Amino acid sequence: MSELLIFLGPPGAGKGTQAIKIASKFGFAHISTGDMLREHISNETSLGKVAKSVMDKGNLVSDELVIEMLVERLRNDDCKNGVILDGFPRTLPQAESLENIKNEFPVSKVFVFEVDGDELVQRILLRGQTSGRTDDTEGSIKVRFEIYMQDTEPLINFYHRQEKVTKINAVGDVDEIYQNIAENLNKYL
Ligand code: AMP
């Protein structure tokens with residue numbers, strides 16, 4: 001059985017930055033489904049070809065494809081110590097798929113990243129200037145926010161009912177935010 005932590009929050013909330021830091025501190029695997037999909041795109045796999053146009057528009061890749069990709073990734077040896085999921089689940093069917101593997105990977109905690117909307121758009125546009133991400137454009141950002149509100153935000157309630165949610169103020173200094181998450185985890189572990 002491995003700890004499974006979920007980092008949940010809108011695009012640009014800093015989930016990836018914090019996931020990398022926390023994963024290396026606690027010895028967990030960092031799994032970003034967005035990074036995995038971008039790797040498929042750069043390797044020009046069949047999944048990458050399907051994903052590219054969907055991602056560029058800011059839409060979600062199908063649950064079926066993403067769930068299959070994730071479940072396979074969790075079989076990797078580096079997941080034995082624990083896992084941080086960054087960008088998964090994003091829909092109710094994705095959250096339910098984790099219920100199916102809860103004997104091996106029970107969801108232990110869900111960190112919800114809270115940031116003000118205007119700040120987010122600025123962060124993502126800034127990131128787009130340096131990341132080279134083809135989906136960090138204004139049109140795609142708008143779609144990604146709408147999808148977040150519609151499909152992903154309801155998951156906060158889903159996990160709230162299971163008493164797994166910890167809210168994190170994700171505005172401000174990266175190191176302070178990191179300390180806050182790390183302290184919360186230390187109390188829990
Ligand atoms: P991210 O790097 O998490 O912002 O993800 C970038 C894009 O990859 C998203 O806008 C989606 O198109 C796609 N993607 C990443 N994770 C998922 C997921 N769990 N379900 C569906 N699509 C995803």
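Just so we're clear, the structure is a prediction, and the values are computed from it rather than from any experiment. Both ligands and their constituent atoms are indexed starting at 1 by order of listing.
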Enquirer: So, regarding Q94 and ligand 1 (criterion: nitrogen or oxygen to nitrogen or oxygen, under 3.5 Å), is there a contact or not?
Expert: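 By distance alone, the answer is yes.
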
Enquirer: Show which atoms of ligand 1 fall inside a sub-4.0 Å distance from at least one heavy-atom site of V66.
Expert: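 Listed by number with element, the hits are 18 (C), 19 (N), 20 (N), 21 (C).
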
Enquirer: Please determine if T33 has a nitrogen or oxygen closer than 3.5 Å to a nitrogen or oxygen of ligand 1.
Expert: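 Right, the criterion is met.
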
Enquirer: May I ask you to check whether G87 has an N/O atom sitting below 3.5 Å from an N/O atom of ligand 1?
Expert: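 Yes.
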
Enquirer: Does an N or O from F88, backbone or side chain, lie closer than 3.5 Å to an N or O of ligand 1?
Expert: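 N/O-N/O distance under 3.5 Å: no.
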
Enquirer: Would you mind listing which atoms of ligand 1 come within a distance below 4.0 Å of any non-hydrogen atom of L37?
Expert: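 In order of numbering, the contacting atoms are 8 (O), 13 (C), 14 (N), 15 (C), 23 (C).
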
Enquirer: Considering only protein heavy atoms, which is closest to atom 22 (N) of ligand 1, and at what distance to one decimal place?
Expert: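 The protein heavy atom lying closest is V61 N, 3.1 Å.
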
Enquirer: Starting from atom 9 (C) of ligand 1, which protein heavy atom do you reach first, and at what distance in Å?
Expert: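 In this structure, atom 9 (C) of ligand 1 has R90 NH2, 3.7 Å as its nearest protein heavy atom.
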
Enquirer: Show me the pairs that pass ring-ring contact (aromatic ring centres under 6.0 Å, His included) and involve residues 13-51, at least two apart or across chains.
Expert: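 Sorted pair list: F26-F28.
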
Enquirer: Are E183 and K187 within salt-bridge range, i.e. N to O under 4.0 Å?
Expert: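 Salt bridge: no.
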
Enquirer: Parallel, tilted or perpendicular: which one describes the rings of F113 and F7, with boundaries at 30° and 60°?
Expert: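 The rings of F113 and F7 sit tilted, inter-plane angle from 30° to 60°.
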
Enquirer: In the protein, which heavy atom is nearest to atom 7 (C) of ligand 1, and how far is it?
Expert: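 Closest protein heavy atom to atom 7 (C) of ligand 1: M55 CE, 3.7 Å.
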
Enquirer: Not counting sequence neighbours, list each pair that qualifies as a ring-ring contact (aromatic ring centres under 6.0 Å, His included) and has a residue in residues 119-173.
Expert: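 Qualifying pairs, neighbours excluded: none.
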
Enquirer: Could you tell me if any non-hydrogen atom of R133 lies under 4.0 Å from any atom of ligand 1?
Expert: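 Within the 4.0 Å threshold, so yes.
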
Enquirer: Does L155 reach the side chain of P89, with side-chain heavy atoms less than 4.5 Å apart?
Expert: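 They are in side-chain contact.
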
Enquirer: Quick check: R38 and ligand 1, any N/O pair under 3.5 Å apart?
Expert: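 Yes: some nitrogen or oxygen of R38 is under 3.5 Å from one in ligand 1.
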
Enquirer: Can you report which non-hydrogen protein atom sits closest to atom 11 (C) of ligand 1, along with the distance?
Expert: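 Atom 11 (C) of ligand 1 sits closest to the protein heavy atom N59 O, 3.5 Å.
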
Enquirer: Could you tell me whether K142 and E138 have a side-chain N and a carboxylate O separated by less than 4.0 Å?
Expert: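 No.
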
Enquirer: So, R144 and D136, do they make that salt bridge, N to O below 4.0 Å?
Expert: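 So R144 pairs with D136 through a salt bridge.
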
Enquirer: Which residue, L185, I181, N184, N180, forms the side chain to side chain contact (heavy atoms under 4.5 Å, CB included) with T166?
Expert: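 Checked L185, I181, N184, N180 against T166; only one passes side chain to side chain contact (heavy atoms under 4.5 Å, CB included): N184.
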
